[in-house]
Amino acid sequence: MPDKVRHGTPLTNVDTAWLHMEDPTNLMMVTGIFLFDQPVSFDRLRDTFQVRMAERFPRLRHRVRQEGSSAWWVRDPTFDINAHVHRIALPAPGDEAVLRDVVSDLMSTPLDFSKPLWQCHLLEDYGEGCGVLLRFHHCIGDGLALVHVLLSATDRAPDAAWPRPKGFRPFEKDVKSRIVSLFDDARAVVRRTVKTTRRLTGTILEQGVDSLLHPTHLLDVAQTAAEGAGVLLKMIVRPADPVTVFKGSLGVQKRAAWSSPVPVATVKDVARKVRGTVNDVLLTAVCGALRRYLLLRGDRAVGVEINAMVPVNLRPPEKADDLGNQFGLIYLTLPVGTSDPAERLRTVKKRMDAIKHTPEPFVAFQLLNALGVAPVEVADLLVDMFGSKSTAVMTNVIGPRQTIYFGGQPIRTVMFWVPQSGRMGLGVSIFSYDGNVVVGVATDARLVPDPESIARAFGEEVQALVEWAAHFDAPAALPADLVAPALPAPPTAEPPTKAAAPDRPPLRRPGGAAPGRRAARTRAARR
């Protein structure tokens with residue numbers, strides 16, 4: 001796959017914009033991890049990444065050269081796979097808490113800009129197994145492209161042949177070459193996801209790989225420059241998000257956590273009973289988890305709403321496996337201040353249904369194009385301005401539905417964490433794989449030192465919705481039943497103290513009384 005990059009190939013404007021967003025307090029890295037119950041051979045891991053990634057995707061052998069606001073991909077003449085694939089032995093006891101600490105440290109460590117912007121770490125001694133952590137700079141590609149990159153290194157069966165390096169060609173032809181996956185189902189996964197998107201009712205996170213709207217639809221919606229300018233003006237005048245424990249001055253240390261796996265079948269059952277979508281249920285649980293955390297920290301919660309920036313894919317289906325960034329962003333308002341899960345679910349569904357009618361993703365994509373050619377100082381001002389209007393980055397990726405293998409071992413869990421663009425300190429990533437959903441939470445350690453509390457609260461919120469929905473004998477019309485008179489109104493006053501804050505908001509059965517509360521579980525918040 002040759003590429004005439006002796007003198008450099010310019011980054012696209014959007015890729016350049018993501019490059020310029022790099023900041024010591026907010027690194028623009030996408031981080032993903034495979035977890036295994038058995039050890040993986042380091043030699044095989046290194047050979048696999050050389051053959052299936054470095055030899056196949058030229059961009060992974062190119063570093064970035066910058067001059068002012070411009071940037072180019074240039075071939076790294078000294079590229080060595082050993083500079084990108086490392087091994088780390090986890091200290092005793094090698095449990096989940098230790099793994100969280102190591103992942104958090106790596107998430108806080110910048111990539112080396114003198115080399116191609118990616119790294120892999122084999123995390124050994126994780127219980128009886130191990131983990132494989134990968135870090136990619138966002139300028140290499142968006143979620144859709146990186147799903148292909150990761151899946152290209154996997155197999156459908158444990159007895160796949162050991163990949164053997166063949167060496168690199170001296171020059172490549174096109175740094176924007178299409179990804180050709182050795183994992184036969186990789187492209188099918190993404191294309192199936194894109195196809196699913198077009199069948200759904202416009203929900204963002206449901207369809208996966210950060211996709212919602214086809215660009216032709218967006219162009220139909222925003223046909224005139226005047227309308228696009230109107231949408232941009234609306235985005236500019238949007239008020240700043242309220243001050244909560246999630247917003248504030250950022251530090252360089254980040255924290256990573258993840259939820260326990262939740263069966264997709266369980267979420268689907270809740271969605272079916274209330275005639276919502278899987279995404280409606282997951283977002284409602286995320287909202288509830290954020291609310292629980294506000295109460296845990298003694299922060300104001302009643303009536304509070306925060307905005308999440310949600311990536312929206314603008315990549316045509318026929319280019320689903322191209323590298324680079326081809327997506328816009330929308331603001332999704334999360335009703336974290338609503339205590340009643342039923343009311344929260346109704347609100348989430350209403351807002352998700354309305355999103356499909358907005359041209360915001362297309363306008364945001366054009367804004368990213370402009371940021372890519374703007375002076376760095378101007379771009380920083382715009383990033384700060386738009387970042388002030390949101391509290392979190394939130395995305396969802398649908399992965400393989402069946403078990404996949406790496407290095408001869410089955411992958412037990414797959415998850416990832418998104419970078420928090422716009423100087424935000426909270427990222428929520430939902431990933432489904434092999435029948436389960438896992439939520440990854442990435443935070444700034446100054447603001448949220450214990451993201452595992454949010455991850456744990458997500459599971460508790462899902463369980464609360466399961467218990468509530470169990471009282472539906474048959475699918476019910478969502479708007480009518482979820483706002484029935486028997487449901488309690490949101491509270492009008494805050495809990496007097498943090499200790500008195502409920503760990504679990506009360507639920508009402510349809511037409512019945514509130515079930516008993518479980519014992520409150522409190523945890524001292526680290527500040």
Side-chain angles (χ1 to χ4, degrees), residues 8-23 26-30 57-60 62-74 111 113 117-118 136-149 174-179 190 204 209-216 218-219 222 228 231-232 235 309-331 359-376 378-387 390 393 395 418-424:
T9 298
L11 274 70
T12 67
N13 291 343
V14 176
D15 292 347
T16 302
W18 288 105
L19 180 70
H20 288 170
M21 287 186 210
E22 177 83 6
D23 183 272
N26 217 335
L27 305 176
M28 288 296 103
M29 290 187 302
V30 178
F57 310 144
R59 185 165 295 183
L60 300 185
H62 293 81
R63 60 183 181 84
V64 174
R65 178 168 62 89
Q66 300 186 67
E67 289 184 11
S69 60
S70 300
W72 295 265
W73 295 108
V74 295
L111 293 165
F113 274 70
L117 295 174
W118 68 277
F136 296 91
H137 198 282
H138 211 317
C139 68
I140 292 177
D142 54 28
L144 186 64
L146 295 180
V147 163
H148 274 275
V149 171
D174 181 9
V175 76
K176 298 179 182 179
S177 62
R178 296 174 66 84
I179 298 174
V190 176
I204 288 181
V209 288
D210 309 333
S211 302
L212 165 64
L213 303 172
H214 193 280
T216 55
L218 293 176
L219 290 172
V231 172
L232 179 59
M235 296 170 68
M309 275 190 171
V310 181
V312 178
N313 181 53
L314 301 179
R315 188 187 309 266
E318 65 272 13
K319 295 184 178 180
D321 51 1
D322 280 359
L323 288 172
N325 292 275
Q326 297 185 46
F327 67 93
L329 296 162
I330 60 96
Y331 288 104
E360 279 187 19
F362 177 76
V363 175
F365 182 78
Q366 297 304 326
L367 180 62
L368 287 170
N369 262 298
L371 289 178
V373 296
V376 175
V378 174
D380 283 344
L381 289 174
L382 290 173
V383 168
D384 287 340
M385 181 187 69
F386 282 96
S390 187
V393 177
T395 189
V418 293
Q420 291 80 66
S421 56
R423 316 295 192 265
M424 286 178 280

> Given I140 and V30, is the side-chain contact (heavy atoms from CB on, under 4.5 Å) satisfied, shown in steps?
Replying inline: CA-CA 10 Å; I140 292 177; V30 178; over 6 Å; no

Which heavy-atom pair separates [X] from [Y] by the least distance, and what is that distance?
X: M309; Y: S390; answer: N-OG, 3.3 Å
X: D142; Y: H138; answer: CA-CE1, 4.1 Å
X: G141; Y: L146; answer: O-CD1, 3.7 Å
X: G324; Y: A145; answer: O-CB, 4.3 Å

>> Run the side-chain contact (heavy atoms from CB on, under 4.5 Å) test against V418 and tell me which residues pass, sequence neighbours left out.
In response: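 So V418 forms a side-chain contact (heavy atoms from CB on, under 4.5 Å) with V393, T395, F416, Q420, S429.
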
> Under the side-chain contact (heavy atoms from CB on, under 4.5 Å) test, which residues partner L27, sequence neighbours left out?
Replying inline: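 Expected list: E22, M29, P110.
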
> For the residue pair F113 and H137, does the interplanar ring angle fall in the parallel (under 30°), tilted (30 to 60°) or perpendicular (over 60°) class?
Replying inline: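 It falls in the perpendicular class, over 60°.
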
Nearest 0.5 angstrom please: [X] [atom1] to [Y] [atom2], how far?
X: F136; Y: L111; atom1: CZ; atom2: CG; value: 10.0 Å
X: L11; Y: R65; atom1: CG; atom2: CZ; value: 11.0 Å
X: M21; Y: C139; atom1: CE; atom2: SG; value: 11.5 Å

>> Has N26 got a side-chain atom pairing as donor or acceptor with P419's backbone, closer than 3.5 angstrom?
In response: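 Absent.
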
> Any donor-acceptor pair under 3.5 Å linking the side chain of N13 with the backbone of T16?
Replying inline: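 Side chain of N13 to backbone of T16, a donor-acceptor pair under 3.5 Å: no, none is there.
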
> Do W73 and H62 have ring centres separated by under 6.0 Å?
Replying inline: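 Distance test on ring centres: not under 6.0 Å, no.
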
>> Are the side chains of L323 and D15 in contact, using a 4.5 Å heavy-atom criterion?
In response: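 Not touching, per the 4.5 Å side-chain cut-off.
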
